[in-house]
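For reference, the structure discussed in these notes is given below.
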Amino acid sequence: MRILLVGNPNVGKSVLFSQLTGTHVISSNYPGTTVEYTKGHLDLNGERVEVIDVPGSYTLEPTCKAEEVAVAMLPYGDIVINVVDATNLERNLYLTLELIARQVPLVVALNLWDEAQHKGIAIDVPQLEACLGVPVVPTAAIRGEGIRNLLARLSEARRGNITWQTTDERYATVGRIVRQVQQVTHRHHTVLEQLEDLSVMPLAGFILGGLVLFGAFKTIRFIGEGLINWFFAPLFEKCYRPLLEKLSDALGGAGLLHNLLVGQLINGQVDFTQSLGLLSTGLYVPLAVVFPYIVAFYLVLGFLEDFGYLPRLAVLFDGLMHRVGLHGYAIIPMILGFGCNVPAALSIRNLESHRQKFIASTLMVIAVPCFSQTAMIFALVGPHGGPHVAAIFITLLGIWLTLGLLLNRRLGGNTPSLLVEIPPFRLPEVKVLFRKLHFRLSHFFKEAIPFIILGILVVNVAYLSGFIHLLARLFEPLFSFFFGLPGEAAIALLLGFLRKDVALGILAPLNLTAAQLVVASTVLAVYFPCLATFFVLLRELGWRDMLRVTGIMLATSFAAGTFLHLALGRLGLFAWTGASILIALLIIFETAYRKKETSA
Amino acid sequence: MKDKPPLTLPELKNGTFGRIIKITGSQQALKRLSALGLVPGKKIMKISGIPLSGPVIVDIDRTQVALGFGLAKKVLVEVCDENSLGR
């Protein structure tokens with residue numbers, strides 16, 4: 001038997017799903033699309049029943065990909081549980097009536113029942129059952145209330161007593177039912193609701209948004225550093241180092257096998273960041289440098305997602321994003337990209353047009369450094385002082401804006417307007433939060449960690465074989481003239497396409513000056529995405545567009561590197577002012593152009 | 001008060017109620033809006049408008065919906081008198 005959970009977005013469908021099913025959940029794409037759905041199992045009176053969390057949809061006359069998938073899945077359900085938001089009957093009942101018109105065996109879960117009561121909304125459940133002709137069960141999935149009752153009444157699932165209607169008739173029916181069963185008593189706003197309103201106000205919203213982002217990054221650093229300092233670093237130093245030193249002794253302290261596994265000894269000792277052995281740096285960098293920050297990042301992101309804050313961010317940034325040819329929701333891949341560019345590249349698939357995908361991909365891979373890269377930048381450049389770190393990120397922001405404005409102008413076509421429901425703030429459910437974290441971390445283990453280890457191996461071999469010195473000599477003149485970098489930095493760039501964090505690690509032993517580090521970090525961030533991201537995007541954009549993106553990347557990194565070299569060296573403030581004026585002019589130009597367009 | 005010309009959503013003042021009279025624009029735009037309950041005859045309240053051509057946020061049936069500037073301009077509303085609310 002198969003049960004489908006169908007309902008509008010933001011009605012607590014996923015929470016209900018995780019209450020119904022156990023821990024073994026598979027998330028997959030619907031064949032031929034990029035729309036994701038989740039599948040799990042439930043034990044119903046000894047029978048193993050499949051439960052599918054169908055993508056959220058407002059209507060069965062599809063207006064987007066997710067809704068098309070939802071409609072295509074409908075015939076495969078033996079029972080449909082229609083999850084309805086009790087705080088918003090008017091909107092949700094439209095889908096319910098469509099489901100009834102399709103004559104599917106239906107049970108309605110009147111979810112967010114507790115929230116409705118808090119909001120002073122009273123619903124006459126028996127009356128609603130009579131109107132619809134199907135069982136209606138109030139639930140508060142987040143607290144697990146009503147779940148048992150819902151399961152008990154699954155056997156009563158039946159076809160309702162409303163036949164096919166036109167859109168207008170259906171709205172009229174919804175109105176009539178709501179008047180019959182629902183009573184709303186007015187009551188004062190709670191603190192959370194006042195915060196909701198504030199978060200979309202022009203001034204307060206941006207201040208709140210700034211605070212949220214600032215708080216988020218502070219929390220990520222706090223958790224990440226905490227994990228490293230109190231757990232991973234001591235683990236490696238106290239427990240792992242003695243083992244590795246024994247192995248080093250057993251292998252004689254030198255030789256090919258020793259250098260591959262343990263790495264080269266620095267001052268007679270294993271150095272976890274510079275030895276470059278598979279068992280030393282190869283484990284230390286992914287597990288003790290990068291992984292803790294990834295955990296912290298996804299924990300905070302998951303919380304913001306489930307709390308209902310992200311759509312507000314999309315709303316606040318919609319104006320800006322439209323100027324670079326995207327719509328507000330493209331802020332999500334950008335933010336995801338700060339964690340890892342791979343999931344960000346995956347989420348770019350959900351953008352509507354090819355034009356948006358192209359712009360979003362280009363901006364994301366060029367100007368959004370992933371968190372492992374950011375962590376390495378902080379580790380490498382941080383000791384030279386905040387302004388140097390800031391120089392890197394300000395340059396990246398400048399690149400993002402300039403490129404975006406230019407791309408939007410150069411590419412034909414336009415971007416459709418944003419239209420999105422803003423869910424109320426809800427305290428996330430811990431179980432759902434950790435399930436999502438687990439998903440993302442296992443993805444990171446599979447997709448990223450092998451590449452990190454491979455990258456370290458390649459670097460090590462390049463060093464041991466002397467290949468690196470050959471390359472260094474070859475690139476020496478080019479690098480010193482344009483970027484002011486020594487030839488050895490070339491190897492970092494060449495390996496950057498495997499893992500940017502590893503590449504940054506290579507810069508560590510070169511004794512670069514602060515300015516050189518800033519230039520190298522920026523060029524490295526801009527010039528090419530890591531291999532994993534590259535392949536995800538290649539699948540999405542195709543060879544031709546990916547070549548275009550690559551061309552843009554190389555040109556941009558060249559320009560950015562030369563600019564920073566000059567700005568931090570000979571020209572100083574002049575270069576910064578020049579760049580700011582250029583961007584300001586571009587924005588003014590763009591605004592004037594839009595005015596002309598709207599008045600015409 | 002009565003014979004006021006219709007306003008577009010961005011022109012409506014924050015915190016005022018309005019009734020949707022007409023939605024201009026493509027069939028696709030109409031479909032997207034009606035999926036969220038934004039249909040002619042519906043009463044809404046404008047909560048906020050983000051400056052510099054940002055989205056307009058309205059309250060419809062106690063849910064907040066954000067419409068991008070371009071879409072918001074296609075929604076024509078008449079201002080509802082606060083006093084007529086109870087009727």
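By convention in this document, chain letters (A, B, ...) are assigned in the order of the sequence lines, proteins followed by strands, and residues within each chain are numbered from 1. No hydrogens, no waters, no symmetry mates; every other heavy atom, side chains included, goes into these values.
Proximity to chain B (any heavy atom under 4.5 Å) is shown, for P9(A), by neither the backbone nor the side chain. There is no contact between F317(A) and chain B, counting heavy-atom distances below 4.5 Å. Contact annotation for S57(A): neither backbone nor side-chain heavy atoms come within less than 4.5 Å of a heavy atom of chain B. For a residue to count as touching a neighbouring chain, one of its non-hydrogen atoms must lie under 4.5 Å from one of that chain's; by this rule I121(A) touches chain B with the side chain only. Interface remark: V184(A) contributes side-chain atoms only to the contact with chain B (heavy atom separation under 4.5 Å).
For the pair S53(B) and R323(A), the tightest heavy-atom approach, listed with the atom from each and the gap, is OG-NH2, 4.4 Å. The shortest heavy-atom contact between E421(A) and L36(B) is CB-CD2, 4.2 Å. Listed here is the closest heavy atom pair of E196(A) and Q64(B): O-OE1, 4.5 Å. Of all heavy-atom pairs between A66(B) and V315(A), the closest is CB-CG2, 3.4 Å. Among all heavy-atom pairs drawn from G49(B) and P202(A), the shortest one is O-CG, 3.3 Å.
Per-residue counts of heavy-atom pairs under 4.5 Å with chain A were compared for L67(B), I60(B), I57(B); the largest is that of I57(B). Contact count against chain B (heavy-atom pairs under 4.5 Å) is highest for I422(A) among L320(A), I422(A), N10(A). Interface summary for chain B: among V200(A), T59(A), D318(A), the most heavy-atom pairs under 4.5 angstrom belong to V200(A).
Using a 4.5 Å heavy-atom cutoff, the side chains of L419(A) and V65(B) are in contact. Counting heavy atoms from C-beta outward, I50(B) and F206(A) have side chains that approach closer than 4.5 Å.
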> Step by step, would you call M201(A) with I47(B) a side chain to side chain contact (heavy atoms under 4.5 Å, CB included)?
Replying inline: CA-CA 8 Å; M201(A) 287 300 161; I47(B) 296 176; 3.7 Å; yes
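Atom OG of S417(A) sits about 7.0 Å away from atom CZ of R32(B), to the nearest 0.5 Å.
Between the Y94(A) side chain and the S34(B) main chain, no donor and acceptor come within less than 3.5 Å of each other.
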